[in-house]
Amino acid sequence: MKRILLDRVLPYTLTVVLLLSLWEMGSRMINPLFFPPLETVGESFVRMATGDLWAQVLVSLLRIWTGFLLGSMLGVLVGILMGGLPLARGMLYSVVEFFRFIPPIAMIVLAVSWFGTGDVATIFLIVFATVFIVTINTEDGVYHVTRNRVRAAESLGANTGQVFRLVIFPSTLPHALTGMRVAMGNAFSTIIAAEMIAADFGLGFMLQQARVFLKTGDIFVGLVALGLLGFATDRIFRILIDRCGGEYARVA
Amino acid sequence: MAATRAFDLLLAPSWQASEMERPGAVVLPVTGAAILIAIWGFASLHYDVTILPSPGQALEEGIDLLAGGELIFHALASLQRLLIGFLIGCAIAVPIGFGMGLSPFFRRMMEPITEFFRYIPAIAMVVFALIWFGIGEASKVFLIFYNTFFSVALATEAGVKHISQVRIDAVRSLGANRRQVLQFVVVPSVVPYAIQGMRMGMGRAFATIVSAEILAANSGLGFLIFSSREFSRMDTVIVAIAVLGVLGIVIDRLFRRMTRMVGGNYLPSEMG
């Protein structure tokens with residue numbers, strides 16, 4: 001018991017107390033607008049929680065999930081195609097690799113010019129942030145399927161369909177999920193930037209408004225909400241990867 | 001004969017190919033890119049320049065921007081910010097990562113910070129960055145620092161934890177002193193991990209700098225993109241996007257090469 005206190009509780013509390021006191025010092029000695037005092041943050045939270053915080057969060061989440069699901073489905077399909085057919089792989093690999101390195105937010109001006117501001121443009125950016133990384137990971141998974149497993153299944157009389165369903169698919173799934181986990185991280189940062197620029201609702205828009213009106217307490221609440229959402233989503237993916245992987249799992 | 005062989009390789013599912021051959025290493029990617037550009041060209045016939053310019057128009061604009069020096073000016077502005085923030089981030093993150101790897105107490109002290117902030121995307125910090133540091137260079141450098149720091153610190157920590165005790169014991173039994181253990185085992189084992197973290201941090205920093213420049217800046221590729229919006233110069237936007245893609249790939253490849261060069265036989269099998 002004493003060990004746990006000394007080993008775990010002490011270092012955690014040390015840092016948290018240190019950070020909080022630095023923050024208080026900042027707000028007292030530098031500028032309360034720069035470092036909002038804790039009671040201001042509390043007030044902001046109460047006001048926002050009884051206001052439209054939840055609606056803003058929900059809108060952002062809906063955009064993320066729509067774009068993410070569309071992008072992931074497309075990515076898995078193209079990835080399987082590329083992993084399976086050398087012709088597709090040869091033709092698409094460089095193209096996908098090139099697009100993967102374009103920061104999704106750079107597409108915002110094109111997206112707004114094509115779809116106008118609002119849902120479609122932001123969802124397009126999330127698809128863009130998701131699809132290439134999922135494609136590359138899925139492709140990698142299919143391409144690196146252990147050949148002896150395929151041979152074993154084939155020598156037991158499996159046809160191409162069965163090889164795909166029983167060997168290729170389960171061993172690719174963890175790779176695809178790993179790609180999706182990274183993509184989800186990208187989606188979170190992309191949606192914030194996208195909503196700051198081209199939306200009139202959502203977490204990003206809310207943060208931008210708070211900045212313009214210098215409501216630093218609100219910013220703080222927004223950041224914490226974002227952090228919690230990111231954390232929860234990441235944990236869900238880890239659990240999914242562990243579950244779906246089974247004996248094929250290779251969690252990165 | 002050779003032709004049928006190549007044809008078989010192209011159409012047979014890859015898991016049936018007995019060896020990892022990659023046919024058409026040059027021809028196929030070029031064909032793929034050419035098809036994509038052809039689709040783009042065909043689509044651009046149906047839209048206005050302010051919506052979708054043709055590949056030719058984009059190329060022309062690219063040459064203009066390059067000749068006028070704007071492209072290089074903005075690219076250098078972005079790269080300079082990236083480099084400064086990145087170097088500061090690495091300089092602070094590597095020692096802290098070492099500390100976290102070596103001392104469990106220090107690691108637990110850092111955990112509330114690393115665990116909390118790693119789920120807050122850097123771009124969300126832009127609001128604080130702008131309030132704290134204004135819209136000048138400092139706010140962008142801070143964001144890059146923020147991006148780099150967590151990736152590099154956590155990667156360095158992982159590297160220190162993965163140093164194999166057997167290797168340390170081996171050099172010790174050959175008579176190495178502490179400094180030699182550090183020089184010949186610890187540092188070479190950690191460096192590949194640290195570089196891997198730098199590569200990931202750089203990748204994210206790249207996306208962040210573009211967002212930050214879109215939101216508040218008067219130079220940089222992000223600024224070039226966003227300022228072209230006012231005159232609907234989509235050709236300029238496409239040129240800037242293409243330059244971003246090329247820069248991103250070049251930087252990533254540099255880091256990969258570095259990992260292989262310094263890693264040598266210490267390279268963990270999953271890297272490189």
Side-chain angles (χ1 to χ4, degrees), chain A residues 7-8 11-12 14-16 19 33-34 83-87 89-95 97-99 101-110 112-114 142-143 145 147 150 160 163 168 185-186 188-189 192-193 196-197 207-208 210-211 214 216 219 222-223 226-228 230-231 234 252, chain B residues 9-17 22-25 28-29 31-33 35-36 50-52 104-105 108-113 116-117 119-125 127-128 130-132 204 206-208 210-211 214-215 221-222 225-226 228-229 232 234 237-238 240-241 244-245 248-249 252:
Chain A
D7 277 0
R8 297 187 182 275
Y12 286 162
L14 252 173
T15 311
V16 173
L19 279 182
L33 268 183
F34 284 21
L85 286 176
L87 179 69
R89 182 186 146 90
M91 278 178 34
L92 290 175
Y93 196 86
S94 310
V95 173
E97 190 71 352
F98 175 73
F99 279 107
F101 282 102
I102 294 175
I105 200 62
M107 298 296 290
I108 187 129
V109 171
L110 282 180
V112 169
S113 120
W114 293 341
V142 179
Y143 197 74
V145 168
R147 259 137 240 272
V150 177
T160 307
V163 168
I168 312 283
N186 292 351
F188 262 92
S189 36
I192 296 303
M196 281 177 176
I197 297 161
L207 282 171
Q208 176 75 348
R211 175 175 86 83
L214 268 180
T216 29
I219 297 179
L223 287 186
L226 198 59
L228 290 176
F231 175 76
D234 195 64
Chain B
L9 275 171
L10 288 175
L11 290 179
S14 67
W15 58 86
Q16 283 175 359
R22 291 176 57 196
L28 286 180
T31 322
I35 291 175
L36 191 81
T50 55
I51 307 262
L52 187 68
F105 189 83
R108 296 212 182 88
M109 268 189 74
M110 289 301 292
E111 251 169 23
I113 300 177
F116 180 71
F117 284 105
Y119 293 106
I120 297 182
I123 192 56
M125 290 301 286
V127 281
F128 267 135
L130 289 175
I131 291 174
W132 289 340
R204 286 194 208 119
F206 206 67
T208 308
V210 176
S211 317
I214 283 180
L215 285 161
L221 288 168
I225 289 177
F226 205 57
S228 309
R229 175 194 60 142
S232 290
M234 294 306 139
V237 172
I238 289 176
I241 289 173
L244 278 172
I249 292 183
D252 188 73

When [options] are compared by non-hydrogen pairs under 4.5 Å with chain A, the top option:
options	value
Phe128(B), Phe206(B), Phe226(B)	Phe128(B)
Ile120(B), Ile241(B), Val237(B)	Ile241(B)
Ala207(B), Pro104(B), Ser228(B), Ala33(B)	Ala207(B)
Ile238(B), Ile249(B), Asp252(B)	Ile249(B)
Ala124(B), Gly222(B), Ser232(B)	Ala124(B)
Leu130(B), Thr31(B), Ile35(B)	Leu130(B)

Open item on the list: Taking side chain as everything from C-beta outward and backbone as N, CA, C, O, which of these in Leu92(A) sits under 4.5 Å from a heavy atom of chain B? Side chain, backbone, both or neither.
Closed with: neither
- [ ] Below 4.5 Å from any heavy atom of chain B, which atoms of Leu228(A) appear? Answer side chain, backbone, both or neither.
- [x]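 No part of Leu228(A) comes within 4.5 Å of chain B.
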Test item: [X] and [Y] side chains (from C-beta on) under 4.5 Å apart, heavy atoms:
X	Y	result
Leu223(A)	Met125(B)	yes
Leu52(B)	Met234(B)	no
Ile219(A)	Ile131(B)	yes
Ile108(A)	Ile105(A)	yes
Leu28(B)	Arg89(A)	no

Task: Residue list, side-chain hydrogen bond (donor to acceptor under 3.5 Å, both in side chains) with Thr50(B), at least two apart or on another chain - done: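 Applying side-chain hydrogen bond (donor to acceptor under 3.5 Å, both in side chains) to Thr50(B) gives Asp48(B).
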Open item on the list: Applying side-chain hydrogen bond (donor to acceptor under 3.5 Å, both in side chains), can you list everything that pairs with Thr208(B), at least two apart in sequence or on another chain?
Closed with: Asn147(B)
Open item on the list: Heavy-atom pairs under 4.5 Å with chain B: which of Phe188(A), Trp114(A), Phe99(A) has the most?
Closed with: Trp114(A)
TODO: Heavy-atom pairs under 4.5 Å with chain B are the metric here; pick the option from Pro104(A), Ser94(A), Ala106(A) that has the most.
DONE: Ala106(A)
Open item on the list: Please determine whether side-chain contact (heavy atoms from CB on, under 4.5 Å) holds for the pair Met196(A) and Leu207(A), giving the CA-CA distance in whole Å, both sets of side-chain angles, and the decisive distance to 0.1 Å.
Closed with: CA-CA 7 Å; Met196(A) 281 177 176; Leu207(A) 282 171; 4.2 Å; yes
Under 4.5 Å from any heavy atom of chain A - which part of [X]:
X	result
Leu36(B)	side chain
Ile225(B)	both
Leu221(B)	neither
Phe117(B)	neither
Ile214(B)	side chain

Open item on the list: To the closest 0.5 Å, what do you measure between CD (Glu111(B)) and OG1 (Thr15(A))?
Closed with: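 Between Glu111(B) CD and Thr15(A) OG1, I get 9.5 Å after rounding to 0.5 Å.
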TODO: Apply side-chain contact (heavy atoms from CB on, under 4.5 Å) to the pair Ile197(A) and Val109(A), showing each step before the final yes or no.
DONE: CA-CA 9 Å; Ile197(A) 297 161; Val109(A) 171; over 6 Å; no
